[in-house]
Amino acid sequence: MKNLTIICILILSSDAIKAQSKAEDQLILNQAIEWLEDKLTYNYFNVEDDEWWINRFTFNDASKTVTIKNIASPHLEAVSDKTYLQLNFRLEDLNPYTIQVQQSLKNNGRLVKGKTIRVGAFDKSISRSKNGTLSTNQSFIYFSIPEFFEDSVENYTQNIVDKITSAVLLSTKIYAGSDEENIKSLYQVIDGRFIANNQYWEVSNLFADTYSIDVINENNETQARYFIKVLSGSKLELTAFLKDQSTQMVILDKLEGSELIYGNSEIQWYFKNANEVEISSGAEKQALIRDWTFLYSNPKSR
């Protein structure tokens with residue numbers, strides 16, 4: 001996209017999603033979806049192309065999928081001579097850690113002067129079709145926010161970003177449950193590769209209940225290696241082989257509450273959602289964000 005200036009890249013944290021019950025979260029998620037269906041269904045005009053654009057955002061409760069339809073027409077009431085682009089995806093396909101707000105300085109098709117919200121997706125998981133014909137899947141979506149929207153409603157673009165972020169994080173949030181449910185959640189999260197502070201945390205499934213984690217720096221040097229063994233839904237065994245050659249083995253117990261947190265008096269592993277793990281040691285916290293460019297050792301675990 002030429003002549004677009006990236007204003008900000010929103011590296012987000014799910015700290016905004018407070019500890020609360022699954023029912024409360026579901027209510028907030030439903031409200032966010034309804035808000036998006038309302039605010040992301042609108043009409044605007046590209047004066048240079050002399051063409052109307054209709055943007056529609058709908059959520060299917062049965063399939064849990066979002067459909068975005070961008071319709072181009074010579075006038076709003078046109079029955080023929082319409083063209084449309086349609087995108088289908090699940091909320092959990094979107095990557096809330098890579099949302100960008102860009103300044104659009106000219107009219108270019110469906111992207112008009114104003115702001116453009118770009119939302120990345122994990123993998124090429126967004127189904128794309130034009131006039132009903134399927135084409136190659138894509139790994140991002142765009143929302144064009146015309147200038148007059150920002151003039152009439154304060155923080156319109158940022159409100160959309162906030163609602164999309166909230167909806168995605170709530171749709172992927174991990175909850176504590178029975179031992180069996182906890183084990184299933186752990187296996188869903190701990191596989192693949194994560195990014196934290198210019199380091200890669202590469203996770204491999206060694207055995208049915210055991211994972212290895214290599215911590216690799218930007219020079220491709222291994223800084224540490226961990227082994228996580230799932231003893232039960234309420235206990236993890238964590239063994240650390242650190243760069244200074246020291247070895248530590250600790251048992252992490254499932255902590256009380258509705259969230260999936262394992263820890264002891266010194267360290268905590270908080271499995272926030274399907275794509276983020278937070279590790280706390282004393283006052284230090286480190287967020288591990290999933291990197292979906294990695295080829296998974298066990299794709300079915302996602």
Subject >> Residues that Y42 engages under ring pair (Phe, Tyr, Trp, His ring centres under 6.0 Å), provided they are two or more places apart >> reply: Y44, F149
**OP:** Check salt bridge (Lys or Arg N to Asp or Glu O under 4.0 Å) between D253 and all other residues, then give those that pass, not counting sequence neighbours.
**Re:** K235
Original post:
When you measure from the side chain of N107 to the backbone N and O of K113, does any donor-acceptor pair fall under 3.5 Å?
Top reply: yes
Original post:
Distance-only, no hydrogens or angles: does the T210 side chain make a donor-acceptor pair with backbone N or O of F207 under 3.5 Å?
Top reply: no
**OP:** Could you tell me whether a side-chain N or O of Q103 sits under 3.5 Å from a main-chain N or O of G114, the two making a donor and an acceptor?
**Re:** yes
**OP:** Applying salt bridge (Lys or Arg N to Asp or Glu O under 4.0 Å), name anything that partners D214, two or more places apart in sequence or on another chain.
**Re:** R225
Original post:
Hey, would you say the F45 and W52 ring centroids sit under 6.0 Å apart?
Top reply: yes
Subject >> Lys/Arg N to Asp/Glu carboxylate O, K22 vs D25, below 4.0 Å >> reply: no
**OP:** Could you pull out all residues at least two apart from N197 that satisfy side chain to side chain donor-acceptor pair (under 3.5 Å)?
**Re:** Q286
**OP:** Classify the side-chain pair E259/Y270 by whether it contains a donor and acceptor separated by less than 3.5 Å.
**Re:** yes
Original post:
Other than I251, which residues form its hydrophobic cluster under the rule that side-chain heavy atoms must be closer than 4.5 Å?
Top reply: L231, M249
Subject >> Which residues share a side chain to side chain contact (heavy atoms under 4.5 Å, CB included) with N219, sequence neighbours left out >> reply: N217, E221
Original post:
Does S139 have any side chain to side chain donor-acceptor pair (under 3.5 Å) partners at least two apart in sequence or in another chain, and if so, which?
Top reply: none
Original post:
Looking at residues at least two apart in the chain, or sitting in another chain, which of them share a side chain to side chain contact (heavy atoms under 4.5 Å, CB included) with T67?
Top reply: T58, Q86, N88
Subject >> Pairing residues for S232 by the side chain to side chain donor-acceptor pair (under 3.5 Å) criterion, not counting sequence neighbours >> reply: S234
Original post:
Listed by chain and number, what are the side chain to side chain contact (heavy atoms under 4.5 Å, CB included) partners of I195, not counting sequence neighbours?
Top reply: Y200, D291
**OP:** Please identify each residue that fulfils salt bridge (Lys or Arg N to Asp or Glu O under 4.0 Å) with R56, with sequence neighbours left out.
**Re:** none
Original post:
Quick one: side chain to side chain donor-acceptor pair (under 3.5 Å) partners of S178, sequence neighbours excluded?
Top reply: E181
